[in-house]
Amino acid sequence: MRKRTLLLAATLTTGLLTSALASPATAAPSGLAGDFNGDGYRDVAAGAACADVGSASCAGAVVVLYGSASGVSAARRAVITQNSAGVPGTAEAGDLFGSALAAGDLDRDGYSDLVVGASNESIGDRDGVGSGTVLWGSKSGLTSGKGLPQPSTLSEYGNFSRGIATGDFDGDGDTDVTLTGQTHTRIYNGPFTRTAGPLNNLRVGEVGTTFEVIAGDLSGDGAAERVYPFNVDGDTGGQINYFRWTGMTHKMAELPNADGYPGSIGDINRDGYGDLVLGDPTDPYDLKPGGHKGGQITVWYGGPGGPDPAQQPTVVHQDTAGVPGAAEAEDGFGSAVSTGDINGDGYADVVVSAPGEDIGSATDAGSVTVLFGSASGLKTGSGVKSYTQDTAGVPGSAEASDRFGSAVGLTDVTKDGKADLVIGVHGENNTGGLWTLRGSATGLTTSGAQGITSSAVSLKGSVGLGSTVAQ
């Protein structure tokens, strides 16, 4: 299966660095996923998974930017490592703390928590086993943490926690967590407590080799489906299986004609059922006959029984009429995808990145493309727009190896009912950064756009900030 490249990094100061954090909430906490300090504004969490912590190279860190009416800024931040007060474990070389992230209120206190993967953490003499940690939300944001129970059967270099998703998988009102990595996948069932962790945890034995998981309600029953793309011999695009809650147990279903990863789930046609968007960024070659040169996405529309496997999905690539650009080898269109309502019309929109896109003579400068939802599904003929660092109003300029769009995430950080776009630029100045564009009634706007580099949040060295963004 294709493996995402993690940018190697260097020096990061240890501990929890905070500067002008959001004011403590004076009312009841919002209960919003991604609102770590409960003030009603969703926050941004991003990984710098190969950052150095003290002398520990590639130990990893998480950067949190707190939302406000004016958006996010470097001044309202926290940087968290495994050496931060209250966080379990110790920052060690090669841990990759922050290599995967997912948000949700696990202990039902109204403050969103953050699940962090350290996918290369070693356990005893077993290298690269991987681990997961919950960072608890509070009035002052993310503070202390709790390690998730570590299965004793994890294999060396299994990279457990490479994929993380949160959701109510059994419809009981509690947020659950799933972690996966290569051959081991697990569910941690809520409710969680800060002392004991999850109610219980179970191995998912039917899942093949996978580093990915996507979660969302595809069937409209209030219980989130879990989608696991996994390895298939002769097709590196993988196979797509998902699990539904039947009221008694989880049942696996197949989408035999679907392919690709990563993915995101949102209600694009506003029919009450989540729709599955899959990125398929790899060019076709002898072991992967499907797909499109330069990459593509497919949309599988949900329904009462989940996505109908017989449907003809919507397919979008850079040769699709109305989509800016042209399909070129190694563009990586579909390397990252996210869903959210950018213009506030009630339909989920889709952002697709192409971090390998060349801009002029700048190779791998990167671009992101926005497609809008409608009653008839994803629109491709009009209104589609692409953004690069050469777009007027976007901070910076398109440079070789910036990889603008290394990660993308749609979340409303300004509390105006419109999703804002967070863009990872993990090659920016060889250190990485996070760019944000505001949502508006007409789509994304560059008014108030922000470009926050790793140096602006006191990270040093080639830290690769923006390699992951919490969904």
Side-chain angles (χ1 to χ4, degrees), residues 1 33 100 102-108 115 117 130 132 134 148-154 158 160-192 197-232 238-258 261-267 272-278 300-311 471:
M1 196 169 193
D105 183 4
L106 304 187
D107 58 356
R108 302 185 71 172
V115 187
V134 178
L148 290 171
Q150 190 78 1
S152 61
T153 55
L154 293 181
F160 185 62
S161 80
R162 175 79 170 269
I164 304 176
T166 58
D168 182 1
F169 303 142
D170 54 11
D172 65 354
D174 294 309
T175 301
D176 310 307
V177 177
T178 181
L179 267 63
T180 192
Q182 198 162 318
T183 58
H184 195 107
T185 296
R186 209 162 193 90
I187 295 178
Y188 297 88
N189 288 305
F192 286 66
L199 176 67
N200 56 51
N201 65 96
L202 306 168
R203 182 166 185 173
V204 183
E206 303 96 327
V207 176
T209 298
T210 179
F211 290 112
E212 297 287 336
V213 60
I214 308 146
D217 187 0
L218 297 168
S219 58
D221 63 355
E225 276 70 41
R226 293 170 287 119
V227 183
Y228 298 100
F230 68 93
N231 255 2
V232 175
Q239 183 172 327
I240 309 300
N241 288 347
Y242 67 95
F243 287 82
R244 284 194 62 199
W245 178 249
T246 67
M248 296 291 292
T249 187
H250 295 282
K251 181 179 180 180
M252 188 174 75
E254 297 183 7
L255 284 175
N257 297 321
Y261 77 92
S264 183
I265 294 174
D267 189 358
Y273 304 103
D275 308 309
L276 174 63
V277 183
L278 291 171
W300 293 82
Y301 296 95
D308 181 355
Q311 71 179 276
Q471 299 289 326

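Because only heavy atoms are used, hydrogens play no part in the values below, and waters and symmetry mates are left out as well, while side chains stay in. Keep in mind that this is a model prediction, so the values were computed, not measured.
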Is a donor on one side and an acceptor on the other found under 3.5 Å between the side chain of E254 and the backbone of I240? no

Would a 4.5 Å heavy-atom cut-off, applied to side chains only, mark T180 and F211 as touching? no

So which heavy atom on P151 is nearest to which on Y188, and how close? CD-OH, 4.0 Å

Can a donor-acceptor pair be found, under 3.5 Å and without considering hydrogens, that links the side chain of N189 to the backbone of L199? no

Distance, nearest 0.5 Å, that separates NZ of K251 from OG1 of T246: 8.0 Å

Distance-minimising heavy-atom pair for A100 and S161: CB-O, 3.4 Å

How many angstroms lie between atom CG of D170 and atom CG of D176, to the nearest 0.5 angstrom? 5.0 Å

Restricting to side chain to side chain donor-acceptor pair (under 3.5 Å), what partner residues turn up for N201, sequence neighbours left out? R186

With sequence neighbours excluded, residues passing salt bridge (Lys or Arg N to Asp or Glu O under 4.0 Å) with R203: none

Would you say the side chain of L255 lies within less than 4.5 Å of the side chain of P307, judging by non-hydrogen atoms? yes

Sidechain-backbone polar pair: D168 side chain, G173 backbone, donor-acceptor under 3.5 Å: yes

Flag, side chain of T166 to backbone of A103, donor-acceptor distance under 3.5 Å: yes

Assess the side chains of R226 and Y228: does a donor N or O sit below 3.5 Å from an acceptor N or O? yes

Approximate separation, where rounding is to 0.5 Å, of L179 CG and I164 CD1: 4.5 Å

What is the distance from atom CZ of F192 to atom CZ of R108, rounded to the nearest 0.5 Å? 13.0 Å

Please report the closest heavy-atom contact between A165 and A102, naming both atoms and the distance. CA-CB, 4.2 Å

side-chain contact (heavy atoms from CB on, under 4.5 Å) between F169 and T178, worked out: CA-CA 9 Å; F169 303 142; T178 181; 3.9 Å; yes

Kindly indicate, with the supporting measurements, whether the criterion side-chain contact (heavy atoms from CB on, under 4.5 Å) is fulfilled by L202 and V204. CA-CA 6 Å; L202 306 168; V204 183; over 6 Å; no

D217: what forms a salt bridge (Lys or Arg N to Asp or Glu O under 4.0 Å) with it, not counting sequence neighbours? none

Are I214 and P229 side-chain neighbours, meaning at least one heavy-atom pair lies under 4.5 Å? yes

Cut-off 3.5 Å, side chains only: do Q182 and T210 have a donor facing an acceptor? no

Minimal heavy-atom distance between R244 and G305, with the atoms involved, is NH1-CA, 3.5 Å

Value for OG (S264) from CD (Q471), rounded to nearest 0.5 Å, stands at 5.5 Å

Hey, does P149 have a side-chain heavy atom less than 4.5 Å from the side chain of P198? yes

So, do V213 and V227 sit near enough that their side-chain heavy atoms are less than 4.5 Å apart? no

What I'd like to find out is whether the side chain of V115 reaches to under 4.5 Å of the side chain of L148, using heavy atoms alone. yes

Separation between OH of Y242 and CD1 of I265, rounded to the nearest 0.5 Å: 10.0 Å

Counting C-beta onward and ignoring hydrogens, is there a side-chain heavy-atom pair between P256 and Q239 closer than 4.5 Å? no

Compare all side-chain heavy atoms of W300 with those of D275 and state whether any distance is below 4.5 angstrom. no

Heavy-atom donor-acceptor pair, E212 side chain to G181 backbone, under 3.5 Å: no

Would you please indicate yes or no on a ring centroid separation below 6.0 angstrom for F243 and H250? no

